[in-house]
Amino acid sequence: MAPDSVGPRIDTRAPLMFVENVLKTAKLVRDVERQRVVVRENKELLKKINKIYRTKGFLNVDYSYRVHQSLHTDARRRRARAIERQNLALLSRLLHRKATVDSNLPDGRRKTPWWSQPAAAADEHVRIDFWERADRRLCQLAIELCPEVSSGEVTLTGRGRLFRIYDGMLVVIRGSRLRSEEELPHDGRALENVGRGAFVRQVLDEREYFLIVLRPLRIVEGGKLIGRVVASSLERLDLISSYGSKFGRCKEPIYFDRRECL
């Protein structure tokens, strides 16, 4: 070729086309796999729907399965049955109890509550000293017993520790455990409109509890009013209440010591 024929040229041919640039084979493979998954799931769904129609809706239910039970299940069931029997007995006594107060009576025939009547000279009192820990005396409460209540019904003897102090509500003193059925109360009455300073005897689970009410309560189940804190000692209830908490746990160990006087 002669040197004079050499010169620049322009390639105007179309570029080569590859299959990967046009078909996107990886994307096609993913689309095919996705379609197969959808078809397979639709088939399984149709099988389940068909089985539901044929078996009235029972699907994959193992009726032989039993939930794991703890070792205390039987004890809880016995306890629940005992509580149910006690509630039925209480309900029976409440239903057969005749009303002792008739609000329709004229004012002249209504009885004045014993704590509103003038105190007699021979009224019986019980005094309870309260101690913080074992060496610091907090206060003393003087409790006037009801006329029909004897000091023997207050079975607090010697020195003991307060069971619970519910802040602004109750002071609970745990008494002794009752040993015989004759000692259990059979009236099943519920005290209503219990005022501040009331001294109530309550029996729960064959054990005596003595309650000192810190604020008026609408009702106290299974309780018997046996006395009231005298007016001169009411202000000391706030001091005792300050050692309690919402759930009854005492902030400091509080002890009591009963003293009798006439």
Next item on the list: Please report the shortest heavy-atom distance between Arg127 and Ala142, naming the atom on each side.
Entry: NH1-CB, 3.2 Å
Margin query: Within the structure provided, determine whether Cys250 and Arg164 are in side-chain contact (heavy-atom separation under 4.5 Å).
Written below: no
Checklist line | Same cluster (ILVMFWY, side-chain, under 4.5 Å), Leu234 and Ile165 | finding: yes
Check: When rounded to the nearest 0.5 angstrom, what is the spacing between CZ in Arg207 and CZ in Phe163?
Finding: 8.5 Å
Checklist line | CD1-CG distance between Ile83 and Leu88, expressed to the nearest 0.5 angstrom | finding: 12.0 Å
Check: Does the side chain of Arg137 reach to within under 4.5 Å of the side chain of Asp129, using non-hydrogen atoms?
Finding: yes
Notebook entry, point to check: Is any side-chain heavy atom of Val126 less than 4.5 Å from a side-chain heavy atom of Leu145?
Noted result: yes
Checklist line | Closest heavy-atom pair and its distance - Gly168, Ser241 | finding: N-OG, 2.8 Å
Check: Think Arg159 forms a cation-pi with Trp131, using NZ or CZ under 6.0 Å from the six-ring centre and within 45 degrees of its axis?
Finding: yes
Next item on the list: Indicate, with yes or no, if Leu138 and Ile212 share a hydrophobic cluster defined by side-chain heavy-atom contacts under 4.5 Å among Ile, Leu, Val, Met, Phe, Trp and Tyr.
Entry: yes
Checklist line | Any residue meeting side chain to side chain donor-acceptor pair (under 3.5 Å) with Arg136, in chain and number order, not counting sequence neighbours | finding: Glu132, Tyr243
Next item on the list: Before giving the answer on side-chain hydrogen bond (donor to acceptor under 3.5 Å, both in side chains), spell out for Ser245 and Asp167 the whole-Å C-alpha distance, their side-chain angles and the decisive distance to 0.1 Å.
Entry: CA-CA 5 Å; Ser245 61; Asp167 187 15; over 6 Å; no
Check: Is there side-chain contact between Leu141 and Phe130, with at least one heavy-atom pair below 4.5 Å?
Finding: yes
Next item on the list: Give me the ring orientation class for Phe199 and Phe210: parallel if the planes are under 30° apart, tilted from 30 to 60°, perpendicular past 60°.
Entry: parallel
Checklist line | Qualifying salt bridge (Lys or Arg N to Asp or Glu O under 4.0 Å) pairs with a residue from residues 232-257, counting only residues at least two apart or across chains | finding: Arg133-Glu252, Arg196-Asp238
Notebook entry, point to check: Which residue pairs pass the salt bridge (Lys or Arg N to Asp or Glu O under 4.0 Å) test with at least one member in residues 81-91, sequence neighbours excluded?
Noted result: none
Next item on the list: Considering only NZ, NE, NH1 and NH2 on the basic side and carboxylate oxygens on the acidic side, decide whether Glu192 and Arg218 come within less than 4.0 Å.
Entry: no
Notebook entry, point to check: Looking only at heavy atoms, which two atoms of Cys146 and Gly227 are closest? And how far apart?
Noted result: SG-N, 3.6 Å
Margin query: Does Lys224 form a side-chain contact (heavy atoms from CB on, under 4.5 Å) with Ile226? I'd like the steps, not just the answer.
Written below: CA-CA 6 Å; Lys224 177 183 178 181; Ile226 60 176; 4.2 Å; yes
Margin query: Checking side chain to side chain contact (heavy atoms under 4.5 Å, CB included) between Leu211 and each of Val220, Val171, Leu225, Val194, which is the one that passes?
Written below: Val220
Notebook entry, point to check: With a 4.5 Å limit on heavy-atom distance, are the side chains of Ile240 and Cys139 in contact?
Noted result: yes
Note to self: Could you tell me if the side chain of Leu162 sits less than 4.5 Å from the side chain of Tyr255, heavy atoms only?
What the structure shows: no
Check: Transitively linked via ILVMFWY side-chain contacts under 4.5 Å: Val149 with Ile173?
Finding: yes
Note to self: Are Leu214 and Met169 packed together at the side-chain level, in the sense that at least one heavy-atom pair is separated by less than 4.5 angstrom?
What the structure shows: no
Next item on the list: Please round to the nearest 0.5 Å and tell me the distance separating atom CG of Leu46 and atom CG of Asn42.
Entry: 6.5 Å
Margin query: Just verifying a value: how many Å separate Leu28 CG and Glu33 CD, rounded to the nearest 0.5 Å?
Written below: 11.5 Å
Item checked: Inter-residue atom distance Glu221.CD - Asn87.CG, 0.5 Å rounding -> 9.5 Å
Notebook entry, point to check: Can you get from Phe256 to Leu239 by hopping between Ile, Leu, Val, Met, Phe, Trp and Tyr side chains that sit under 4.5 Å apart?
Noted result: yes
Item checked: Side chains of His125 and Glu144 in contact at under 4.5 Å (non-hydrogen atoms) -> yes
Check: How far does OG of Ser232 sit from CD of Gln140, to the nearest 0.5 angstrom?
Finding: 9.5 Å
